[in-house]
Each structure stands twice: as structure tokens, then as C-alpha cells.
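The basis for the numbers below is simple: all heavy atoms, side chains too, and nothing from hydrogens, waters or symmetry mates.
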Amino acid sequence: MEKDKKQQLLDQRYLKMADIWAQNSYCKRRKVGALLVKNKMIISDGYNGTPSGFENVCEEENNKSKPYVLHAEANAITKVAKSNNSSDGATLYVTSSPCLECSKLIIQAGIKRVIFTENYRLEDGINLLKRANIDVRQIEIELEKK
């Protein structure tokens with residue numbers, strides 16, 4: 001039981017960190033942050049935005065996202081792919097539930113847990129993760145007591 005409480009506390013803290021990381025996004029409509037954690041160590045991070053070297057403008061004139069904007073999960077997964085770390089067995093903390101495309105990347109990256117706060121408008125990504133036997137949990141970020 002004590003181990004579960006400790007994991008819940010860690011889940012809360014990493015989600016808060018992902019929420020702070022989301023503030024790095026230049027997207028106006030929605031800011032999303034993600035952290036990849038393995039063995040209690042952050043091995044990658046990401047937020048939604050344009051590819052490296054592109055202008056930091058996510059929306060077109062009509063306020064729709066540009067088609068080449070990367071999701072936070074995709075940024076974290078591709079970033080870890082360029083490093084010496086492996087995401088196999090890791091936990092992904094993300095401020096929004098993954099879409100279908102990101103869920104495919106999560107499965108292929110060997111990520112075993114996905115912890116998120118807000119629901120994305122579609123649930124097909126979450127359904128795919130569950131079908132792949134990935135532990136998926138939605139939890140609210142609790143405010144610190146002073």
C-alpha cells in the first residue's frame with residue numbers, strides 16, 4: 001500500500017512538471033507538455049510546436065493548427081530517439097490524453113504507462129493504448145497544501 005501512495009505522489013509531481021513544461025509551447029489554442037520517465041529519471045521532454053528550425057507559429061490565420069505542428073508526445077519520443085536513452089518500459093506523463101497518431105508512437109516506443117490530466121476531444125488514442133495493454137490513467141493535478 002505504501003508503494004502505491006509513493007507512486008501516486010510521483011505521478012502528481014511529474015504531471016505538474018509536464019504542466020509547467022507545456023508553458024514553453026508557442027501554440028495559442030492549446031499548450032501541451034510531456035515528460036518521459038524511466039527509473040525515476042526524466043529521460044525526455046516535449047511540448048507541442050513546430051519542428052526545429054521552423055517559425056514558432058502554430059496556428060494559421062483561421063486559428064487552425066498548421067498541419068506540421070508536432071504534439072508534445074511525438075516531440076518527447078523523437079527527442080529520446082536521438083539520445084542514448086531507451087523509452088522501453090518508461091512512463092509518459094502528458095497534460096492531454098494522446099491522439100491516435102501519438103498512441104501509435106507510444107506503443108512502438110515500448111512505453112508501458114501513460115498518465116494524463118485532460119481528455120483530448122477523441123478517445124481513439126486511449127482505446128488503442130488500452131488494446132495494447134498499456135496502463136493508462138487519468139488523474140487530476142492536486143494543488144499543494146501550504
Fill in: Qualifying residue, where the test is salt bridge (charged side-chain N to carboxylate O under 4.0 Å, His left out) with D11 and the options are R137, R113, K5
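Per the salt bridge (charged side-chain N to carboxylate O under 4.0 Å, His left out) rule, the option paired with D11 is R113, out of R137, R113, K5.
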[X], [Y]: one ILVMFWY side-chain cluster at the under-4.5 Å cut-off?
| X | Y | answer |
| --- | --- | --- |
| I43 | I134 | yes |
| I126 | V94 | yes |
| L10 | I139 | yes |
| I77 | F116 | yes |
| M17 | L15 | yes |

Discussion item. Does any part of the side chain of L100, heavy atoms only, come nearer than 4.5 Å to the side chain of L122, both counted from C-beta?
Written reply: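 Not touching, per the 4.5 Å side-chain cut-off.
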Rounded distance [0.5 Å steps], [atom1] in [X] versus [atom2] in [Y]:
| X | Y | atom1 | atom2 | answer |
| --- | --- | --- | --- | --- |
| C102 | I107 | SG | CD1 | 11.5 Å |
| T95 | I20 | OG1 | CD1 | 12.0 Å |
| E59 | K66 | CD | NZ | 8.5 Å |
| Y14 | I115 | OH | CD1 | 12.5 Å |
| E73 | S97 | CD | OG | 8.5 Å |
| N56 | N24 | CG | CG | 10.5 Å |

With a sphere of 6.0 Å drawn around [atom1] of [X], does it hold more than 12 non-hydrogen atoms of other residues, nucleotides or ligands?
| X | atom1 | result |
| --- | --- | --- |
| E55 | CD | yes |
| Q108 | CD | no |
| N62 | CG | yes |

Please check this pair: side chain of [X] against backbone of [Y], looking for a donor-acceptor N/O pair closer than 3.5 Å.
| X | Y | answer |
| --- | --- | --- |
| S103 | L129 | no |
| N39 | M41 | no |
| K79 | S44 | no |

Practice prompt. Report the residue from S25, S96, C58 that forms a side-chain contact (heavy atoms from CB on, under 4.5 Å) with K31.
Written response: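 Considering S25, S96, C58, a side-chain contact (heavy atoms from CB on, under 4.5 Å) with K31 is found only for S25.
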Worksheet entry | Identified side-chain contact (heavy atoms from CB on, under 4.5 Å) partner of I111 from the options L92, L105, V37, V80 |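 So, applying the side-chain contact (heavy atoms from CB on, under 4.5 Å) to I111 and each of L92, L105, V37, V80, only L92 qualifies.
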Worksheet item: Can you check side-chain contact (heavy atoms from CB on, under 4.5 Å) on I141 and D19, steps first, answer last?
Response: CA-CA 9 Å; I141 298 175; D19 189 52; 4.0 Å; yes
Looking at every heavy atom in both [X] and [Y], which two are closest together, and how far apart are they?
| X | Y | value |
| --- | --- | --- |
| Q7 | Y93 | NE2-OH, 3.6 Å |
| A76 | A34 | CB-CB, 4.4 Å |
| A74 | L70 | CB-CD2, 4.3 Å |

Worksheet item: Does anything in residues 120-131 pair up under side-chain hydrogen bond (donor to acceptor under 3.5 Å, both in side chains), and if so which pairs, sequence neighbours excluded?
Response: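 Applying side-chain hydrogen bond (donor to acceptor under 3.5 Å, both in side chains) to every pair that reaches into residues 120-131, excluding sequence neighbours, yields nothing.
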Discussion item. If the condition is salt bridge (charged side-chain N to carboxylate O under 4.0 Å, His left out), which residues does E101 pass it with, not counting sequence neighbours?
Written reply: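 Salt bridge (charged side-chain N to carboxylate O under 4.0 Å, His left out) list for E101, sorted by chain: K104.
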Discussion item. Run the side-chain contact (heavy atoms from CB on, under 4.5 Å) test on L36 and K38 for me, step by step, so that the C-alpha distance in whole Å, both residues' side-chain angles and the decisive distance to 0.1 Å come before the verdict.
Written reply: CA-CA 7 Å; L36 260 175; K38 187 173 178 179; over 6 Å; no
Discussion item. Between Y47 and N75, does the side-chain contact (heavy atoms from CB on, under 4.5 Å) criterion hold? Intermediate values first, please.
Written reply: CA-CA 7 Å; Y47 50 86; N75 266 325; 5.5 Å; no
